[in-house]
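Presented below is the structure to which this report refers.
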Amino acid sequence: MMEAIANGWFSELQNDLWPGQAFSLKINKIIHEEKSKYQDIKVIETSTYGTCLVLDGIIQCTTRDEFSYQEMISFLPLTSHPNPRKVLIVGGGDGGVAREVAKHPLVEEIHQVEIDERVVELSKKYLPNMACGFQSPKLKLTIGDGFAFMKTHENEFDVIITDSSDPVGPAVSLFQENYYQLMKKSLRPGGIVCSQGGTYWLDCEHVKNTVNSCKKHFPTVAYAHTTVPSYPCGHIGFVIGCADSNRDLKTPIKKFSKTELDDMKLKYYSSDIHSAAFALPRWVEKSFLSI
Ligand code: SAM
């Protein structure tokens, strides 16, 4: 783990994942720090980004900008499925994705598997606006490894959302090709997977490899992206795969009206944002097409 806390600033240093750059936040107070069985956990009150959750030195979310990520990783796949009744969330220990998935009117059951119960407990204590997702009567939370969980659940889910930390530590297996193979088996016919897929600004090869792994098991694959200022380069992508070869992921099947979006308290996602999220810069498009 590499991070720096000096002169009242937290800096996210990661020589392997983002060499030569660091995002820093001014600290008001370190609210909590501990080493769990799986990772180093810090909760920091920052001066301008609200409360921030840090795992193994990497920012997971801040209360100022988390909604962009949580809404997009949830609503991109949910609105691309005609009837997303049963959803699996892998990771997502802060509860933000569960909060968003629970809003969708067609979702009846949410299963979540998170490896580290301390992340869940600390989020309930210090990030209540995200951890409120755990209170949904639709949700069943399992503490365990997402990769292992997937091996024992076949043909069950309409949508699988992988809200993992970056590919270091316990999350490494969630970026590998055999994880896509397992997810495919866990889906019902026509199902969709959506995973945190990194940013092309940092490592286009890594994004390409993840897209490629998805392509080996799903006939329809796309990469969408959004802005999250507290993530490296202020940018993050999602790799989306669909078991139905005729599905157009760029056009939502379910288009929510402005009133419906307001009722669900969505601040970022809309049908226009959905389609725009799939538009890629030319150099990235060329790079992906050349796979
Ligand atoms: N939105 C965040 C991001 O992109 O950085 C991720 C948030 S969420 C806190 C990530 C969660 O994935 C963590 O709580 C971590 O414990 C969990 N996780 C990592 N590896 C896992 C695995 N193999 N199975 C289940 N959960 C895992």
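Just follow the structure's listing: the first ligand is 1, and inside any ligand the first atom is 1. Quick caveat, the model's predicted, so the values are computed rather than measured.
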Query raised in the report: Is any N or O atom of Val119, backbone or side chain, closer than 3.5 Å to an N or O atom of ligand 1?
Result: no

Query raised in the report: Against heavy atoms of Asp94, which atoms of ligand 1 measure under 4.0 Å?
Result: 7 (C), 8 (S), 9 (C)

Query raised in the report: To which protein heavy atom is atom 21 (C) of ligand 1 closest, and what is the distance rounded to 0.1 Å?
Result: Leu174 CD1, 3.7 Å

Requested in this report: List the steps and the verdict of side chain to side chain contact (heavy atoms under 4.5 Å, CB included) for Phe175 and Gln196.
Outcome: CA-CA 9 Å; Phe175 289 81; Gln196 192 263 86; 4.2 Å; yes

Query raised in the report: Ring centroid separation for Phe75 and His274, is it under 6.0 angstrom?
Result: no

Query raised in the report: Salt-bridged, Arg282 to Glu285, with N to O below 4.0 Å?
Result: no

Query raised in the report: Taking the non-hydrogen atoms of Gln39, is any one of them nearer than 4.0 angstrom to ligand 1?
Result: yes

**Report entry** Output field: ring centroids Phe157/His81 closer than 6.0 Å
**Finding:** no

Query raised in the report: To which protein heavy atom is atom 13 (C) of ligand 1 closest, and what is the distance rounded to 0.1 Å?
Result: Glu114 OE1, 3.5 Å

**Report entry** Those atoms of ligand 1 less than 4.0 Å from some heavy atom in Asp116
**Finding:** 16 (O)

Report task. Within a distance under 4.0 Å of any heavy atom of Tyr69, pick out the atoms of ligand 1 and give their elements. Result -> 1 (N), 4 (O)

Report task. Could you check atom 24 (N) of ligand 1 against the protein and tell me its nearest heavy-atom contact, residue, atom and distance included? Result -> Gly146 N, 2.9 Å

Report task. Using the six-membered ring of Phe134, assess whether NZ or CZ of Lys124 lies under 6.0 Å from its centre and within 45 degrees of the ring axis. Result -> yes

Query raised in the report: Does Ser164 approach ligand 1 within less than 4.0 angstrom via side chain, backbone, both or neither, non-hydrogen atoms only?
Result: backbone

Query raised in the report: Heavy-atom distance under 4.5 Å between the side chains of His104 and Pro84, does that happen here?
Result: yes

Query - Closest to atom 2 (C) of ligand 1 (judged by heavy-atom distance), picking from Tyr179, Tyr38, Tyr231 - result: Tyr231

Query raised in the report: What are the atoms of ligand 1, with element, lying closer than 4.0 Å to any heavy atom of Asp145?
Result: 22 (C), 23 (N), 24 (N)

Query - Element-labelled atoms of ligand 1 that are located less than 4.0 Å from some non-hydrogen atom of Ala171 - result: 19 (C), 20 (N)

Query raised in the report: Hey, are Lys42 and Glu33 close enough for a salt bridge, meaning a charged N less than 4.0 Å from a carboxylate O?
Result: yes

Query raised in the report: With a 4.0 Å cut-off on heavy atoms, does Phe147 reach ligand 1?
Result: no

**Report entry** Atom indices of ligand 1, in the order listed, that fall short of 4.0 Å to a heavy atom of Ser165
**Finding:** 10 (C), 12 (O), 15 (C), 19 (C)

Query raised in the report: Mind checking whether Gly96 has a heavy atom under 4.0 Å from ligand 1?
Result: no

Report task. Evaluate ring pair (Phe, Tyr, Trp, His ring centres under 6.0 Å) for His217 paired with Tyr179, printing each intermediate quantity in order. Result -> CA-CA 10 Å; His217 301 284; Tyr179 180 64; over 10 Å; no

**Report entry** Enumerated ligand 1 atoms positioned under 4.0 Å from heavy atoms of Gln60
**Finding:** 1 (N), 2 (C), 3 (C), 5 (O), 6 (C), 7 (C), 8 (S), 9 (C), 10 (C)

Report task. Decide, yes or no, whether a salt bridge links Glu108 with Lys86 under the criterion of side-chain N to carboxylate O below 4.0 Å. Result -> no

**Report entry** Residue, atom name and distance, where the atom is the protein heavy atom closest to atom 25 (C) of ligand 1
**Finding:** Ile115 N, 3.4 Å

Query raised in the report: Mind checking whether Phe149 and Val90 have side chains closer than 4.5 Å, heavy atoms only?
Result: no

Report task. Can you pull out the closest protein heavy atom to atom 10 (C) of ligand 1? Residue, atom name and distance to 0.1 Å, please. Result -> Asp163 O, 3.3 Å

**Report entry** Asn28-Ser47 side chain donor-acceptor pair, cut-off 3.5 Å
**Finding:** no

Query - Qualifying residue, where the test is ring pair (Phe, Tyr, Trp, His ring centres under 6.0 Å) with His225 and the options are Phe278, Phe238, Tyr200, Tyr69 - result: Tyr200

Query raised in the report: With backbone taken as N, CA, C and O and side chain as the heavy atoms from C-beta onward, which portion of Leu55 lies under 4.0 Å from ligand 1: side chain, backbone, both, or neither?
Result: side chain

